[in-house]
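FYI, side chains are in, hydrogens and waters are out, and symmetry mates aren't considered; it's all heavy atoms of this structure. Protein chains get the first letters and strands the later ones, always in sequence-line order, with residue 1 at the start of each.
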Protein chains: 2
Amino acid sequence: MTIRDVALASGVHVSTVSRTFSAAHMVNPETRARVMAAANELGYRPNRAARALSTRRTGNLGLIVADIANPFFPPLIKAAQAQARVRDYHVFIADTDEQARVEEELVRSMAKQVDGALLVAPRLSNRTIAELGRDVPFTVVNRRVKNLPCVLMDVASGVRQAITHLADLGHRDLTVVTGPRASWTGQELGRAAAERAAELGLGLHLIGPNPPTEDGGATAAEEVVELGGTAVLTHNDLMAIGLIRGLRHLGRQVPRDMSVIGVDNTDAGRHSDPSLTTVDMPTSAAGRTAIDLLLQSVTLGGTLGTVSLDTGLVARESTGPAPG
Amino acid sequence: MTIRDVALASGVHVSTVSRTFSAAHMVNPETRARVMAAANELGYRPNRAARALSTRRTGNLGLIVADIANPFFPPLIKAAQAQARVRDYHVFIADTDEQARVEEELVRSMAKQVDGALLVAPRLSNRTIAELGRDVPFTVVNRRVKNLPCVLMDVASGVRQAITHLADLGHRDLTVVTGPRASWTGQELGRAAAERAAELGLGLHLIGPNPPTEDGGATAAEEVVELGGTAVLTHNDLMAIGLIRGLRHLGRQVPRDMSVIGVDNTDAGRHSDPSLTTVDMPTSAAGRTAIDLLLQSVTLGGTLGTVSLDTGLVARESTGPAPG
DNA sequence: ATGAAAGCGCTAACAA
DNA sequence: TTGTTAGCGCTTTCAT
């Protein structure tokens with residue numbers, strides 16, 4: 001079924017058919033009706049690839065993410081996809097397996113096929129991102145890149161609340177278990193924690209980088225104990241859960257001997273035992289907003305600056321009064 | 001950067017450039033080297049949309065799923081995406097929000113843009129799927145559709161183990177909390193449970209359909225208690241977790257007063273309190289296999305029958321001896 | 001082994 | 001408002 005078939009069936013020229021689908025207002029209502037009737041009859045649908053060839057707009061977006069199976073991302077992906085659908089865009093989703101090289105290759109191989117791409121928590125350097133950004137409009141989530149629209153989850157606000165929460169509970173000596181070095185969120189987290197700890201006159205140690213996995217958290221348990229603090233903030237919930245497990249193996253109970261706070265507010269943290277005190281990230285909002293920003297920059301051609309979304313603290317069972 | 005630029009730069013005709021990229025063996029090694037050099041120099045990449053127009057093969061696949069944020073799906077999506085990448089395919093991912101209509105519309109709107117699509121746990125009727133399958137090669141995951149390649153997770157094997165496990169613990173009266181009516185897995189689950197219960201001479205009640213969510217499980221708690229059984233099998237982990245919460249509100253402890261088994265073996269179940277006994281689904285393998293099947297049917301044009309993957313039981317804390 | 005030319009399905013000036 | 005025509009970037013006969 002092509003535009004020609006519809007043209008034939010409705011007794012008009014192909015360009016008229018084309019117009020009824022891409023600029024309906026430019027065609028006589030009666031003709032339009034006839035064309036639509038024929039199109040429906042034949043089950044015609046415009047071929048987006050062909051359209052892309054002449055318009056240079058594909059109607060597709062790319063969404064590149066470090067790890068689809070990391071429970072932090074699915075709500076974001078879902079929201080982004082839904083928002084894109086509202087605007088009649090299709091979205092390619094690709095998983096980089098946390099590898100910068102894969103990420104770059106993915107962007108390159110998608111570049112020609114999309115009108116823009118969302119880079120979620122990228123592992124690439126800002127320099128590379130800026131460079132690739134000359135080929136494809138980007139929007140970046142969870143990283144600040146100059147001259148690119150960014151959606152930031154302001155982890156700092158939540159982290160400050162977390163540190164305050166710990167101080168209120170009497171903790172004076174904290175440990176931060178960081179994630180991958182390339183993670184912007186991770187850096188922000190470390191920075192905000194250090195700053196707030198200093199303000200409150202608390203001691204603070206950093207451990208890392210570590211893989212952002214449950215095992216990564218478990219492995220850090222030993223060092224956490226050695227450092228002697230009474231409370232820990234980890235890069236994400238998964239690591240917090242792993243850490244709690246690791247601590248248990250070393251004979252430490254949470255929150256009795258040690259308080260633990262995660263980041264992400266995932267299901268796993270909500271259901272774990274003890275349930276996890278965690279920094280809540282506005283992932284769905286971020287996905288939606290990022291698509292909006294991306295489409296604005298695609299259609300309007302400009303860069304729309306940075307949107308920062310607040311984070312909060314969800315206090316549950318994994319934090320308690322400092323021991324002793 | 002188009003094929004013309006490369007042709008110009010390397011002093012050959014466009015068709016020769018085309019051949020070096022799509023049928024390298026048809027071009028003189030020396031010429032090929034010259035062309036490749038020029039292409040690399042210019043950073044040329046074939047435009048897949050243009051290629052699609054003449055070859056009628058897009059190099060894209062669709063992956064349609066009921067709910068990206070349902071923790072059951074991300075590992076499957078990840079595996080599918082990775083496998084597609086290995087074969088140099090890009091993947092559109094779309095979320096139907098559990099709605100059959102959305103699913104159909106999504107398939108239709110993608111049809112022209114993909115070489116094939118994966119329907120994961122579809123909510124559409126077999127008839128509609130078969131009908132749509134005439135436009136696009138499909139592979140279906142978690143549903144058996146005649147004449148279409150299917151990847152089934154044989155939930156029956158795991159469910160039989162689950163029922164046996166409960167019987168071994170002394171339970172004689174079971175309840176099954178089902179999910180959405182359109183779910184193939186759900187029907188299989190009900191069937192297998194009933195069959196195995198009959199074999200073992202156990203009583204069995206069905207409750208449903210219910211939304212496959214935590215709240216769906218919580219809501220079912222009251223009816224579960226009324227029915228008077230001592231063990232429950234739910235459609236998925238999320239519902240099991242919700243059910244346990246609901247039971248707790250009604251003053252029932254798990255597993256002391258009631259044993260609960262979920263399905264999916266998700267993170268949430270692993271970390272919940274009590275940790276969940278659950279039927280483990282081979283989701284990653286299913287994703288990988290489904291892509292393989294799909295690509296075979298795309299490239300070879302045939303239907304490759306059905307692959308069934310075994311499921312197992314993971315016994316944890318939410319099941320225990322029957323009370324009394 | 002390479003070049004020439006037609007065409008994939010659609011859009012976008014330009015004419016009428 | 002509608003028809004005409006020339007491509008978009010690539011592949012694929014058919015010649016050479």
Next item on the list: Output the residues of residues 31-46 of chain B in contact with DNA chain D, where contact means a heavy atom of the residue under 4.0 Å from an atom of the strand; sort by number or write none.
Entry: B:Tyr44, B:Arg45, B:Pro46
Next item on the list: State the CG-CG distance between B:Asn126 and B:Asn147, to the nearest 0.5 angstrom.
Entry: 11.0 Å
Side chains of residues 6-15 of chain A: which donor-acceptor pairs under 3.5 Å do they make with residues two or more places apart or in other chains?
unit_1: A:Ser10; atom_1: OG; unit_2: A:Val6; atom_2: O; d: 2.6
unit_1: A:His13; atom_1: ND1; unit_2: A:Ser15; atom_2: OG; d: 3.4

Margin query: Enumerate the salt bridge (charged side-chain N to carboxylate O under 4.0 Å, His left out) contacts for residues 31-59 of chain A, please, sequence neighbours excluded, ordered by first and then second residue.
Written below: A:Arg45-B:Glu105
Next item on the list: Tell me what A:Thr2 touches on the nucleic acid: a base, only sugar-phosphate, or nothing, going by heavy atoms under 4.0 Å.
Entry: sugar-phosphate
Next item on the list: Please report, rounded to the nearest Å, how far the P atom of C:dA12 is from the CD1 atom of A:Ile3.
Entry: 11 Å
Notebook entry, point to check: Rounded to the Å, how far apart are A:Met26 CE and C:dA12 C1'?
Noted result: 10 Å
Next item on the list: For the helix from C:dA1-D:dT16 to C:dA16-D:dT1, measure the angle between the helix axis at one end and the axis at the other, each built from five pairs, rounding to 10°.
Entry: 30°
Note to self: Please compare A:His13 and A:Arg56 by the position of their nearest nucleotide in DNA chain D and report the one closer to 5'.
What the structure shows: A:His13
Margin query: Expressed as a whole number of angstroms, how long is the span from B:Lys112:NZ to C:dG9:C1'?
Written below: 10 Å
Next item on the list: If a pair satisfies ring pair (Phe, Tyr, Trp, His ring centres under 6.0 Å) and one of its residues is in residues 43-69 of chain B, list it, with sequence neighbours excluded.
Entry: B:Phe21-B:Tyr44
Note to self: A:Arg143: which residues meet the salt bridge (charged side-chain N to carboxylate O under 4.0 Å, His left out) condition with it, sequence neighbours left out?
What the structure shows: none
Next item on the list: Would you please name every residue forming a side chain to side chain contact (heavy atoms under 4.5 Å, CB included) with A:Arg144, sequence neighbours left out?
Entry: A:Leu152, A:Trp184, A:Thr306
Next item on the list: Report yes or no: does A:Gln187 contribute a side-chain atom to a donor-acceptor pair with the main-chain N or O of A:Arg181 at less than 3.5 Å?
Entry: yes
Checklist line | Atom pair distance, as rounded to whole Å: CZ in A:Phe21 and P in C:dA12 | finding: 15 Å
When you compare the protein's N or O atoms with those of nucleotides 13-16 of chain C, which come within less than 3.5 Å of each other, and at what distance?
unit_1: C:dA13; atom_1: N6; unit_2: A:Arg19; atom_2: NH2; d: 3.2

Check: Counting only N and O atoms by type, is there a donor-acceptor contact under 3.5 Å from the side chain of B:Ser22 to the main-chain atoms of B:Ser18?
Finding: yes
Margin query: Please identify the 5'-most and 3'-most nucleotides of DNA chain D with any atom under 4.0 angstrom from a heavy atom of chain A.
Written below: D:dT1 to D:dG9
Check: Do B:Val107 and B:Leu119 touch side chain to side chain, with heavy atoms closer than 4.5 Å?
Finding: yes
Check: Any side-chain heavy atom of A:Pro149 within less than 4.5 Å of one from A:Val140?
Finding: no
Next item on the list: Could you label the plane-to-plane angle of the B:Phe92 and A:Phe92 rings as parallel, tilted or perpendicular, counting under 30° as parallel and over 60° as perpendicular?
Entry: parallel
Check: What are the residues of residues 47-55 of chain A, sorted by number, that bring a heavy atom to within less than 4.0 Å of DNA chain D?
Finding: A:Leu53, A:Ser54
Checklist line | Results of side chain to side chain contact (heavy atoms under 4.5 Å, CB included) for A:Ser54 - residues two or more places apart only | finding: none
Notebook entry, point to check: What pairs of residues pass the salt bridge (charged side-chain N to carboxylate O under 4.0 Å, His left out) test when at least one of them lies in residues 78-89 of chain A, not counting sequence neighbours?
Noted result: A:Lys78-B:Asp67, A:Lys78-B:Asp95, A:Lys78-B:Asp97, A:Arg87-A:Asp292
Note to self: Between the side chains of B:Glu104 and B:Arg127, is the shortest nitrogen-to-carboxylate-oxygen separation below 4.0 Å, so that they form an ion pair?
What the structure shows: no
Note to self: Can a donor-acceptor pair be found, under 3.5 Å and without considering hydrogens, that links the side chain of A:Ser183 to the backbone of A:Pro180?
What the structure shows: no
